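Data first, discussion second: the structure below is written as structure tokens.
Because the structure is predicted, anything quoted here is derived from the model rather than measured. Reminder, nothing fancy here: chain letters follow the sequence lines and each chain counts from 1.
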Protein chains: 2
Amino acid sequence: MPTRKPTAPAKATRDREATQQRFIEAAARVIARDGAAGLGVNAIAAEAGADKKLIYRYFGGLDGLLEAMGANTAVWIGDALSASKGDYSERMAAVFAAYAANLRGDPVLQKLLAWELAEPSDTLRRIDAARSKAMYAVMPKLRGDEKPPEGVDAPAVNAILLAALHYLTLRGATMGGFSGLSLKTDADWKRAMAAFQGLLKRTYPQD
Amino acid sequence: MPTRKPTAPAKATRDREATQQRFIEAAARVIARDGAAGLGVNAIAAEAGADKKLIYRYFGGLDGLLEAMGANTAVWIGDALSASKGDYSERMAAVFAAYAANLRGDPVLQKLLAWELAEPSDTLRRIDAARSKAMYAVMPKLRGDEKPPEGVDAPAVNAILLAALHYLTLRGATMGGFSGLSLKTDADWKRAMAAFQGLLKRTYPQD
DNA sequence: TCCTCTTGTCACTGCTTGGTGACATATGAC
DNA sequence: GTCATATGTCACCAAGCAGTGACAAGAGGA
């Protein structure tokens, strides 16, 4: 009795880079669908239609694959800046709105953000560092020459508003709202963004 | 050959309620230590020093146990309200500070909040509903008779600030900071709370 | 043609998980 | 005392997991 089937057709094409890319995209799909919970070499390999052994061979394991995936994250900023006119608070609000819309449409990024809050791991910390560098770099550019008003701790305020944006986005995606504020429809988000803009207006007044 | 050891001493005392309580406390310890990831009947039973079978018998399963645990959550509000003097923004800031301090010292609640963001489940939704009812009930009492200023969407603003508080607390616990704002020491938090208070002051001005 | 290295496939181990059936024993009613 | 029942204990199962060794087969150089 043979312990081995006579043969399998083997992959039609033999292309390491293409296979790696398939793994990376599969990992993103699995995260978007099942979140960090259902993440594992078995699930990713099944999604990619390839063998999990290759994950170890090409990426050294699951962590390596996730880092490779994190390195591929898009930039999602930039164009919001070019279109920014008006005073500081208006430009800030425009960037906030653009960032919010982008975040709301990116389930993978959402899951990564949620994952970071749940369990700190060195891998996640590295992914976060690479990703958030782009965001931090925007802030000074955004500010331009203007100084924040007296008595306003601009970095702290911006961190607060950004934190709220992250939290509300995640809550909207999972629970549909937070603290009595519904966050399902576009109208809901318009209301929320108006409140953000109001806070910015009052923090960085007339220019 | 016997399939069974002659005998085990059996629990010293037989007390269903005490055992249930041991399970509830063990579940809280496991969550505080390992987060939602390492949660499971095996881990909880081991932590409680009891048999997992009893979890099914007494709580109907893991979900029932978690709900029983959620029902035991403390109130964490109330005394902050009694000590609240001054205008609306000052009272609000006092409640925020009290809530923040309480949240920062409650790893179980932190893990539950993070878990809610990661994977929506009916159980978590029920726990959240029970817990947040208390918070929602505070808001109107806090507001008293005063009306919010024209053009201010008070519920949205409060949701934003509360969301930021949650997010920054979780980020501080896992990553030690967010968006360039350090959130490790008490001084860090004093700075953050000052920024919160500034936002409240500007939103709900002189009274 | 032959030979070697890489890419891909599969079977298998060891471990952990959620969940259950079978059993032992303390407790309290009678 | 007698005995039913609640309480606690343990062994076991099927399923899923991460990780690895052995093998097949395409690709390309000599």
Side-chain angles (χ1 to χ4, degrees), chain A residues 1-27 30-31 33-69 119 121-123, chain B residues 1-27 30-31 33-69 119 121-123:
Chain A
M1 170 158 124
T3 64
R4 172 153 273 295
K5 282 185 195 166
T7 278
K11 208 80 200 179
T13 69
R14 281 172 164 251
D15 187 335
R16 173 172 179 152
E17 287 198 12
T19 304
Q20 287 178 317
Q21 198 57 34
R22 296 223 324 274
F23 274 121
I24 289 177
E25 289 163 7
V30 170
I31 289 182
R33 191 199 327 125
D34 307 325
L39 200 60
V41 285
N42 289 314
I44 293 177
E47 174 77 26
D51 196 281
K52 61 179 171 180
K53 174 91 188 219
L54 301 181
I55 295 179
Y56 296 97
R57 196 177 283 166
Y58 293 157
F59 302 96
L62 185 57
D63 279 7
L65 172 55
L66 293 182
E67 277 188 64
M69 190 200 69
E119 42 172 350
S121 86
D122 288 343
T123 301
Chain B
M1 169 157 124
T3 63
R4 171 153 273 296
K5 282 185 194 164
T7 279
K11 208 79 201 181
T13 69
R14 280 167 169 257
D15 185 335
R16 173 172 181 153
E17 287 199 12
T19 304
Q20 287 178 318
Q21 198 57 34
R22 294 222 325 273
F23 275 120
I24 289 176
E25 290 164 7
V30 169
I31 289 183
R33 190 194 332 122
D34 306 327
L39 202 59
V41 285
N42 290 312
I44 294 177
E47 174 76 27
D51 196 281
K52 60 178 171 180
K53 174 91 189 222
L54 301 181
I55 294 178
Y56 296 96
R57 195 177 284 166
Y58 293 156
F59 301 96
L62 185 57
D63 280 6
L65 172 54
L66 292 182
E67 278 188 64
M69 190 199 69
E119 43 172 349
S121 87
D122 288 344
T123 302

Handout entry: For the student: nearest non-hydrogen atoms of B:G38 and B:A43, plus distance
Key = O-CB, 3.7 Å
Fill in the blank from the handout: Minimal heavy-atom distance between A:L62 and A:V41, with the atoms involved, is CB-CG1, 4.3 Å
So which protein N/O to nucleotides 14-17 of chain D N/O distances come out below 3.5 Å?
none

Problem - Closest-nucleotide 5' rank along DNA chain C - winner of B:L62 and B:R57 - result: B:L62
Exercise for the section: Map B:D51 and B:E17 onto DNA chain D by nearest heavy atom, then report which one ends up closer to the 5' terminus. Expected result: B:E17
Handout entry: Straight-line distance of B:Q20 CD to B:R57 CZ, nearest 0.5 Å
Key = 12.0 Å
Exercise for the section: Grab the OH-P distance between A:Y56 and D:dA22 for me, whole Å please. Expected result: 18 Å
Practice task
Please state how far atom CD1 in A:I44 lies from atom P in D:dG19, giving the value in whole angstrom units.
Solution key: 12 Å
Exercise for the section: Report yes if a side-chain nitrogen or oxygen of A:T19 is closer than 4.0 Å to either non-bridging phosphate oxygen (OP1 or OP2) of C:dT7; otherwise report no. Expected result: no
Exercise for the section: Measure the shortest side-chain to side-chain distance between A:I44 and A:K52 over non-hydrogen atoms and say whether it is less than 4.5 angstrom. Expected result: no
Handout entry: Heavy-atom pair with the smallest gap, counting every atom of A:F23 and A:L54
Key = CE1-CB, 3.7 Å
Exercise for the section: Calculate the interatomic distance between A:D15 atom CG and D:dA27 atom P; express it in whole Å. Expected result: 11 Å
Fill in the blank from the handout: Closest non-hydrogen contact found for A:R22 with A:A50 is NH2-CB, 3.9 Å
Handout entry: Interatomic distance, B:F59 CZ vs D:dG8 C1' [rounded to whole Å]
Key = 15 Å
Handout entry: Distance, rounded to the nearest Å, where A:I55 contributes CD1 and C:dT9 contributes P
Key = 13 Å
Exercise for the section: Whole angstrom is fine here: how far is it from CZ in B:R22 over to C1' in D:dT9? Expected result: 13 Å
Practice task
Give the minimum heavy-atom separation between B:A68 and B:I24, together with the two atoms involved.
Solution key: CB-CD1, 4.0 Å
Practice task
In whole angstrom, give the distance that lies between atom CG of B:L54 and atom C1' of C:dC23.
Solution key: 14 Å
Practice task
To the nearest 0.5 Å, tell me how far A:D63 CG sits from A:D122 CG.
Solution key: 9.0 Å
Problem - Side-chain donor/acceptor of A:K53 to base of D:dG21, under 3.5 Å - result: yes
Problem - Nearest to side-chain heavy atoms of A:K52, which nucleotide of D:dT7, D:dT20, C:dG18 - result: D:dT20
Could you run down the sub-3.5 Å N/O contacts of the protein with nucleotides 4-6 of chain C?
from  : atom 1 : to    : atom 2 : distance (Å)
C:dT6 : O2     : A:R14 : NH1    : 3.1

Fill in the blank from the handout: Rounding to 0.5 Å, atoms CZ (A:R33) and CG (A:L39) come to a distance of 10.5 Å
